[in-house]
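Structure first, then comments.
If you read the sequence from its start, that first residue is 1, and numbering goes on from there. In listed order, ligands and their atoms are each counted from 1.
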Amino acid sequence: MSGKRQDYISWDEYFMGVAELSAMRSKDPSTQVGACIVSQDNKILSMGYNGFPKGCPDDTFPWEREGDDPYETKYFYSTHSELNAILNYRGGSLEGSKIYVTLFPCNECAKAIIQCGIKTIIYADDKYGDTAAVRASKRMLRSAGVELKPYKATGRKLEVKV
Ligand SMILES: Nc1nc(=O)n([C@H]2C[C@H](O)[C@@H](COP(=O)(O)O)O2)cc1CO
Ligand SMILES: [Zn+2]
């Protein structure tokens, strides 16, 4: 018996917790998504959340989901959390890494995930699992041999004072 603390958080809770915290930075009024990229030896390499690209202000670009003109909806402009996490990484290669994400990646992010060498996706929610975009995503990811692991929530509530 070393006398160490017993109630420390697990690696999975830690990385999904970081993804959840990243999502809290999102300005999207309906869906906030966070991602955390981790090396094979459990070092955090990058993080991201969904938002507009640099130089595209949250107060002038549209956050609407719907509208007669798609030009005035968020979908043309918001960068997904997974792509942001990939693009935020400036350290070299992501080959062999894992990505923790609060929502299953779409087809566009799946392409980026495959091409940058991420080998495992740990996802919390899959609320768009029935859409063609996510079905196509899974088709590509499975074909490319990317492991897809649903996150097993422990239900533990983590509180941080900031
Ligand atoms: N995996 C994902 N990562 C993301 O960052 N997103 C972003 C794009 C939008 O900003 C928002 C989805 O908005 P809505 O259609 O639920 O109102 O989440 C969406 C998905 C879904 O595939
Ligand atoms: Zn995406």
Side-chain angles (χ1 to χ4, degrees), residues 11-39 44-91 93-154 158:
W11 285 121
D12 271 359
E13 286 174 321
Y14 179 31
F15 300 135
M16 193 55 87
V18 168
E20 293 284 358
L21 195 64
S22 304
M24 293 172 79
R25 281 281 309 152
S26 175
K27 319 300 180 306
D28 192 314
S30 55
T31 304
Q32 304 83 41
V33 189
C36 175
I37 302 179
V38 179
S39 69
I44 293 178
L45 301 176
S46 190
M47 286 161 274
Y49 57 89
N50 54 324
F52 298 144
K54 260 191 274 187
C56 303
D58 291 300
D59 295 320
T60 52
F61 279 68
W63 276 115
E64 275 66 42
R65 299 186 82 218
E66 283 161 18
D68 297 336
D69 187 356
Y71 181 79
E72 293 300 344
T73 73
K74 65 184 174 184
Y75 295 104
F76 278 156
Y77 312 107
S78 97
T79 310
H80 290 192
S81 72
E82 305 91 312
L83 187 61
N84 268 333
I86 290 169
L87 296 173
N88 287 343
Y89 184 60
R90 300 298 160 87
S93 173
L94 291 173
E95 194 67 45
S97 61
K98 316 177 259 191
I99 187 165
Y100 286 75
V101 63
T102 61
L103 181 58
F104 198 94
C106 75
N107 60 309
E108 292 299 331
C109 290
K111 295 174 200 174
I113 287 168
I114 292 166
Q115 292 301 77
C116 77
I118 292 174
K119 291 288 181 282
T120 309
I121 299 172
I122 302 98
Y123 61 95
D125 195 3
D126 191 16
K127 67 174 179 175
Y128 293 132
D130 291 339
T131 63
V134 175
R135 288 174 49 233
S137 169
K138 289 178 183 169
R139 183 179 186 175
M140 287 186 279
L141 292 165
R142 289 201 178 104
S143 177
V146 177
E147 196 183 355
L148 309 178
K149 290 165 76 171
Y151 175 69
K152 291 189 187 70
T154 58
L158 304 178

His80 atom ND1 and Cys106 atom SG as seen from the Zn ion (ligand 2), angle to 10 degrees: 110°

How does Cys106 reach ligand 1, by side chain, by backbone, by both or by neither, if only non-hydrogen atoms under 4.0 Å count? both

Mind checking whether Gln32 contacts ligand 1 via backbone (N, CA, C, O), side chain (CB onward), both or neither, at a 4.0 Å heavy-atom cut-off? neither

So which bit of Asp28 gets within less than 4.0 Å of ligand 1, heavy atoms only: side chain, backbone, both or neither? side chain

Sub-4.0 Å atoms of ligand 1 with respect to non-hydrogen atoms of Glu82: 1 (N), 2 (C), 3 (N), 4 (C), 5 (O)

Should Val134 be counted as touching ligand 1, given the test is an N or O pair under 3.5 Å? no

Give a yes/no verdict on a cation-pi contact between Lys138 and Phe104, requiring under 6.0 Å between NZ or CZ and the six-membered ring centre and an angle within 45° of the axis. yes

Could you tell me the residue and atom name of the protein heavy atom closest to atom 5 (O) of ligand 1, and the distance to it rounded to 0.1 Å? Ser81 N, 3.0 Å

Going by the order shown, which atoms of ligand 1 are within less than 4.0 Å of some heavy atom of Ser78? 8 (C), 9 (C), 10 (O)

Phe15 versus Ile122: any side-chain heavy-atom pair under 4.5 Å? no

Would you say Phe76 has more than 12 foreign heavy atoms packed within less than 6.0 Å of its CZ? no

Donor-acceptor pair, side chain of Thr120 and main chain of Glu147, under 3.5 angstrom: no

Regarding ligand 1, does Tyr75 bring an N or O atom to under 3.5 Å of one of the ligand's N or O atoms? yes

Answer yes or no: are there more than 12 heavy-atom neighbours, outside Asp68 itself, under 6.0 Å from its atom CG? no

Determine, for Asp12 against Lys149, whether the closest basic-nitrogen to carboxylate-oxygen distance falls under 4.0 angstrom. no

Is any N or O atom of Trp63, backbone or side chain, closer than 3.5 Å to an N or O atom of ligand 1? no

Check Gly34 against Ser81 and note the closest heavy-atom contact, atom names and distance. C-OG, 3.8 Å

So is Cys109 in contact with ligand 1, going by heavy-atom distances below 4.0 Å? no

Which residue and non-hydrogen atom of the protein lie closest to atom 21 (C) of ligand 1, and at what distance in Å? Leu103 CD2, 3.6 Å

Shortest reach to atom 19 (C) of ligand 1 by a heavy atom, considering only His80, Lys74, Lys127: His80

Within 6.0 angstrom of Lys127 NZ, more than 12 heavy atoms from elsewhere: yes

Counting only heavy atoms not in Phe61, do more than 12 sit closer than 6.0 Å to its CZ atom? yes

Region of Phe104 engaging ligand 1 - heavy atom pairs below 4.0 Å: backbone

Atoms in ligand 1 flagged as close to Tyr128, the criterion being non-hydrogen separation under 4.0 Å: 14 (P), 15 (O), 16 (O)

